[in-house]
Every structure is written in C-alpha cells, then in structure tokens.
Amino acid sequence: MEFPKILFSLFALIFFLFPSPMYAAPGNSNIFREYIGAEFKNVKFSDVPIHSGIEFHFILSFAIDYTTSSPAPTNGQFNIFWDTNNLTPAAVSAIKDQHSNVKVALSLGGDSVGGSSAYFNPSSVDSWVSNAVSSLTAIIKQYNLDGIDIDYEHFQADSNTFAECIGRLITTLKNNRVISFASIAPYADKEVQSHYKALWKSYGHIIDYVNFQFYAYDKGTTVSQFMGYFATQRSNYQKGRILASFSTDGTGGISPENGFFRACSKLLSKGELAGIFVWSADDSKSNGFKYEKQSQALLAIPH
C-alpha cells in the first residue's frame, strides 16, 4: 500500500474512534426543565424543589403573538400570557439569586389562546421576524431571561416559512446576545413534525435542546414503546439533545408510576439521557412535586 493511502486510512481510523465534538452524538446530561405558569394555579418559582447538583431551567408559558383582549394574531408582536401575578421580573431575579444553577426561559405559542387554537400566522418572513425580535427582546430584558422555547402547535403557514421565521429569530437573538440557548417542543403529529423537521434541517445547529412531548403519545405508553419512540425522534432530530418527558396532568404518554424512570435508567445506560423535562409545575403543585424531586435526584447521580 502506498504511503498516502496508509496515511489516509490512519486519519479515517482516528476520526472514527475520536469524532470531533461537532459530530459526536450527545451523551448523558444533568439538565432538568419545567414549564410553569400556563394554568394560573398560583404556583411560584420558590414552590418548586431545586436540586443543587443539576442545571435547572424554568420555562414560562407562554408568550404569544396575539392580542390579549379578543385574541387575534399580531404578526410577531408578542404579549405575555403566563401568570404574571406570581411569576414576575422580581421573582425571576430572586430565584436566580437564590440558586446559581437556575436559568429561566419563555416559551412561544402553545396550544391555545382565549379558548381557541394559537396559530403561527405570519404576514411575511421579514415583517414577522422584525416584530418578533423587537417585542421578545423587550420581554426578555424586562424579565432577565436566558432563553426561548418554540412550542407552536398549529400553523397557518407552510413549513419553509416556519423554518425561516423561527430560525432567523433564534439566530438574531443569539447574535444580539439576548439569549444563550433555544429549544423546540415538537410532538408526534404529521403537520407538527413537518414544520419542526424543516426547521431542524436548516437551523438545527443553533437549537440547543429538543423538548419532545413524549406525553402526547397514548396514555399507558410502556417502557418498550417509549424506548422505540425515543429512538425514532433521535433519528428525526439527529445530533440533537432529545430530552425525556412526562406530564403531571395525567393526560398521556409514559407516566412516572408506569415506568418513566425505568426508561430513563435504560437511556442513562446507553448514554442517551440528555435531560428530563416536565409539563408542568402548575399541575405538580398538588402532589408536592414528588416526581420533580425524583427526576432531579436521578439526573444528579454522577455518570
């Protein structure tokens, strides 16, 4: 074999054994995230137990580009729709001062507004992005927030328009140093997936976490079914940090009582547990945040 061929083979072997960080698959992580404030159940940041050994993200739910009275789309002019009586700018500052491992984000969109579906409905890419950057920057600075989450679930725009609007929004906010991280929150629905997969294809490199809504699968999901669903989404969002998730409102997916933590242990052993998120603190308040404590204890184990 000629020397150049030997050298090429050696480099190929090194790349295979020691892939560059850019292409290495995400491993285990100690990130715990929880949505808060959408259901106006008077839950406070300080109600939620926070383990010092993990990275904790609160996600305020929701900021929506709709008017607050007689809700109608505003083409990117975002307003606050979370529980502002309890989840105030002062409360954000207080919880971050008390816990150095806490960051706070806001989520965009959500399922509904004013009793009807909340649609992603831009007039044009340029105008929507301009309005969104301006209005969200003001909210993020007012509340001293760290990141955004994308949770649109209904669309009156095609997947490419969604990808460009959201991708350019995240890019601009990061470049302006308004946010330090961004996540998306898709689930297993054909239209939803088509929009988020288009976004991922063009802008996946600037999205830090995938809050996949595994609780949108059927209630009673088993461990083996969950592991299959998880593998599917790792394929859909390749190289993404896919977080395992459950809901404390009892609506669907794999429940903590029915094997969620056994599934997480399996993911841990495979090096695939990039974190856990919960919907939502509002629902968990009534049971004393039992499963939030269990989730964080699992994530805090050295691995």
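When a residue number appears, it is its place in the shown sequence, counting from 1. Note that these values count all heavy atoms, side chains included, but never hydrogens, waters or copies made by symmetry.
- In this structure, the side chains of Lys41 and Asp283 come closer than 4.5 Å at one or more pairs of heavy atoms.
- Considering only residues two or more places apart in sequence or on other chains, Ser180 meets the side chain to side chain contact (heavy atoms under 4.5 Å, CB included) condition with Asp146.
- Close placement of the Phe58 and Phe56 rings is indicated, their centers lying within 6.0 Å of each other.
- Alongside Ile59, the hydrophobic cluster contains Ile31, Tyr35, Phe62, Ile64, Tyr66, Phe81, Val113, Tyr119, Phe181, Tyr209, Tyr215, Leu243, Phe277, Trp279 (criterion: ILVMFWY side chains under 4.5 Å).
- Checked against a 6.0 Å centroid threshold, the rings of Tyr187 and Phe212 do not count as neighbours.
- In terms of modelled atom types and a separation under 3.5 Å, the side chain of Glu34 and the main chain of Ala281 share a donor-acceptor contact.
- Taking Gln142 as the reference, Pro89 meet the side chain to side chain contact (heavy atoms under 4.5 Å, CB included) condition, with sequence neighbours excluded.
- For Tyr229, the ring pair (Phe, Tyr, Trp, His ring centres under 6.0 Å) criterion is met by Tyr217, not counting sequence neighbours.
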Expected list for residues 103-112: side-chain donor-acceptor pairs under 3.5 angstrom, two or more places apart:
unit_1 : atom_1 : unit_2 : atom_2 : d
Ser107 : OG     : Asp149 : OD2    : 2.7
Asp111 : OD1    : His154 : NE2    : 2.8

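- With ring centers used as reference points, Tyr237 lies 6.0 Å or more from Tyr196.
- Residues that satisfy the side chain to side chain contact (heavy atoms under 4.5 Å, CB included) test with Asp158, not counting sequence neighbours, are Asn160, Thr161.
- Connection of Phe40 to Phe45 is not established within any shared hydrophobic cluster, with ILVMFWY side chains joined at heavy-atom distances below 4.5 Å, either directly or through further cluster members.
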